[in-house]
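Note that these values count all heavy atoms, side chains included, but never hydrogens, waters or copies made by symmetry. Keep in mind it's a predicted model, so treat the numbers as computed, not measured.
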Amino acid sequence: MAADRGLDALSYIEREGSLGRVPAVFRPVVAAARDRVLDVFGGRLDSAYLYGSIPRGTARVGRSDLDLLLVLREEPTEADRADARTLDEALDKEFAQIDGAGTLVAGRAQVLSDLERHDLGWFVACLCTPLLGEDLAEELPRYRPDTLLARETNGELALLLPRWRERIAEVTAVAGADGPQEAALRPLVRHMSRHLVRTGFTLVMPRWNGWTSDLAEMAGVFAAYYPERDHPRRAAQLREAAVLGREPVGDRAVLRSYVDDLGPWLAEEYARVHGVKAPRP
């Protein structure tokens, strides 16, 4: 299998990213994040990981965000999540190199559970770079780009769309009352754009038989299997979403098109091809 499809010689997905790939300009941010995670979570912390463009070495100064996953020894509480949000806000305020920070918090038992084996477990094993503590990838299997992985990683879009609509309404109402909407909506455009592109890619991932985290490449792979002549507009919509995932604009019309058009079509097609993700508690 060609190395540019993200697989090793046995056709398993290779782990992406490493601390060695972190660009020099972002190393102070990563060092501060590591120290503060230890200060805040201390003995509760089992493992900490980087993910996203910074450990892949593709981050852009002032445009990319810092992404962290914290795995606690016990299931996280609301206080733990609040601490993570406070950490994010402090890092974003202090370091101009990043455009926001986002920290996910999970429990060790959840990461290693059978239910999360092909979702959160795969995420840790293949998309996360160890930063602190034990690397739980050693207790997880190897993964292939098959339909089981596709279903369990991105087969929940139909459930997400109502939440997205609520979030758009909430942010629009607050921004309309308290400040410019464009700045408030931009993070939603970035998040939803990325999610839709990744969903479109994993829809066709088993046929392509490979893995990539590059949004433009994801959209291009999708277009190869859903050409314009058979599915008008869909390839173009994914390509535009890939652009907005990197260069977001706070446009409510874009968000409405996601939740009223592209998202529902993609959710229906995904369920038809791969089925629906196993229900979570």
Side-chain angles (χ1 to χ4, degrees), residues 3-4 6 13-42 45 47-71 81 83-106 123-137 180 182-195 197-198 201 211-220 239-251:
D4 61 358
I13 297 173
E14 290 190 303
R15 193 177 215 172
E16 62 178 32
S18 71
L19 294 181
R21 294 182 187 175
V22 175
V25 68
F26 290 102
R27 289 175 190 166
V29 189
V30 172
R34 181 187 59 230
D35 292 345
R36 293 177 195 183
V37 164
L38 281 174
D39 288 343
V40 172
F41 292 93
L45 185 71
S47 311
Y49 301 85
L50 289 175
Y51 67 96
S53 61
I54 290 179
R56 291 200 302 267
T58 60
R60 297 170 301 155
V61 175
R63 298 294 184 89
S64 297
D65 51 354
L66 174 72
D67 297 307
L68 296 166
L69 169 66
L70 308 183
V71 181
R81 296 187 177 92
D83 286 342
R85 290 192 293 270
T86 300
L87 174 68
D88 292 338
E89 292 167 1
L91 291 169
D92 184 37
K93 183 176 181 180
E94 182 172 345
F95 292 97
Q97 298 96 310
I98 58 173
D99 180 21
T103 299
L104 303 177
V105 187
F123 177 70
V124 167
C126 295
L127 304 189
C128 286
T129 295
L131 183 64
L132 289 165
E134 178 187 1
D135 182 10
L136 297 183
E182 202 279 337
L185 293 175
R186 195 183 307 131
L188 292 185
V189 170
R190 177 165 58 186
H191 169 74
M192 294 180 193
S193 296
R194 292 178 179 182
H195 194 103
V197 172
R198 289 168 183 151
F201 167 71
W211 174 261
T212 178
S213 283
D214 182 273
L215 293 175
E217 185 175 17
M218 285 181 165
R239 287 195 173 101
E240 178 62 21
V243 172
L244 292 173
R246 286 172 57 84
E247 300 285 350
V249 295
D251 188 340

Visitor: Mind listing the closest non-hydrogen atom pair of Leu70 and Ala48 along with its distance?
Guide: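 Nearest heavy atoms, Leu70 then Ala48: CD2-CB, 3.8 Å.
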
Visitor: To the nearest 0.5 Å, how far apart are OG1 in Thr103 and CG in Leu87?
Guide: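 Rounded to the nearest 0.5 Å, the OG1-CG separation comes to 5.0 Å.
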
Visitor: For Ile54 versus Pro23, what's the shortest heavy-atom pair and its separation?
Guide: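 Minimum heavy-atom separation between Ile54 and Pro23: O-CD, 3.5 Å.
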
Visitor: Tell me if a side-chain donor or acceptor on Gln97 pairs with a main-chain N or O of Val25 at a distance below 3.5 Å.
Guide: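 Yes.
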
Visitor: How would you list, by chain and number, every residue that makes a salt bridge (charged side-chain N to carboxylate O under 4.0 Å, His left out) with Asp92, sequence neighbours excluded?
Guide: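 Residues passing salt bridge (charged side-chain N to carboxylate O under 4.0 Å, His left out) with Asp92: none at all.
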
Visitor: Taking all non-hydrogen atoms of both residues into account, name the closest pair between Leu127 and Ser213 and its distance.
Guide: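 Here Leu127 and Ser213 meet closest at CD2-OG, 4.3 Å.
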
Visitor: Using 0.5 Å steps for rounding, measure from the CG atom of Asp135 to the CZ atom of Arg15.
Guide: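 It comes to 4.0 Å.
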
Visitor: Is the side chain of Arg239 donor-acceptor paired with the backbone N or O of Ala219 at a distance under 3.5 Å, no angle test?
Guide: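 No; judged by distance alone, with no hydrogens or angles, the pair does not exist.
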
Visitor: Quick check for you: to the nearest 0.5 Å, what is the distance between Cys126 atom SG and Ile13 atom CD1?
Guide: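 That separation rounds to 5.0 Å.
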
Visitor: Is any side-chain heavy atom of Leu68 closer than 4.5 Å to one of Leu131?
Guide: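 Sidechains of Leu68 and Leu131: in contact.
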
Visitor: When rounded to the nearest 0.5 angstrom, what is the spacing between CG in Leu91 and CG in Leu66?
Guide: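 Between Leu91 CG and Leu66 CG, I get 6.5 Å after rounding to 0.5 Å.
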
Visitor: Could you tell me whether the side chain of Leu215 reaches within less than 4.5 Å of the side chain of Phe201, counting heavy atoms only?
Guide: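 No, side chains not in contact.
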
Visitor: Could you measure the distance from the CZ atom of Arg36 to the OG1 atom of Thr86? Nearest 0.5 Å is fine.
Guide: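 So the CZ of Arg36 and the OG1 of Thr86 are separated by 12.5 Å.
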
Visitor: Identify the heavy atoms of Gly250 and Val189 that sit nearest to each other, and give their distance.
Guide: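 Answer, listing the atom of Gly250 first, then Val189: CA-CG2, 4.4 Å.
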
Visitor: Does the side chain of Pro55 reach to within under 4.5 Å of the side chain of Arg21, using non-hydrogen atoms?
Guide: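 A side-chain contact is absent here, since even the closest heavy-atom pair is not under 4.5 Å.
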
Visitor: Of all heavy-atom pairs between Ala137 and Tyr49, which one has the smallest distance, and what is that distance?
Guide: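 So the two residues come closest at N-OH, 4.5 Å.
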
Visitor: Could you tell me if the side chain of Arg246 sits less than 4.5 Å from the side chain of Arg63, heavy atoms only?
Guide: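 With C-beta onward as the side chain, the pair stays apart.
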
Visitor: Would you say the side chain of Asp65 lies within less than 4.5 Å of the side chain of Asp67, judging by non-hydrogen atoms?
Guide: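 Sidechains of Asp65 and Asp67: in contact.
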
Visitor: Is a salt bridge present between Glu247 and Arg60, judged by a nitrogen-to-oxygen distance below 4.0 Å?
Guide: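 A salt bridge is present here (some side-chain N lies under 4.0 Å from a carboxylate O).
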
Visitor: Yes or no on side-chain contact (heavy atoms from CB on, under 4.5 Å) for Tyr51 and Val124, after CA distance, side-chain angles and deciding distance?
Guide: CA-CA 9 Å; Tyr51 67 96; Val124 167; over 6 Å; no

Visitor: Would you name the heavy atoms of Ala84 and Phe41 that are closest together and state the gap between them?
Guide: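 That would be N-CZ, 4.1 Å.
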
Visitor: Any chance you could measure Asp88, atom CG, to Leu104, atom CG, to the nearest 0.5 Å?
Guide: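 Asp88 atom CG to Leu104 atom CG measures 9.0 Å (nearest 0.5 Å).
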
Visitor: Are Asp99 and Arg186 close enough for a salt bridge, meaning some N to O gap below 4.0 Å?
Guide: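 Looking at Arg186 together with Asp99, the answer is no, because their closest N to O distance does not fall below 4.0 Å.
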
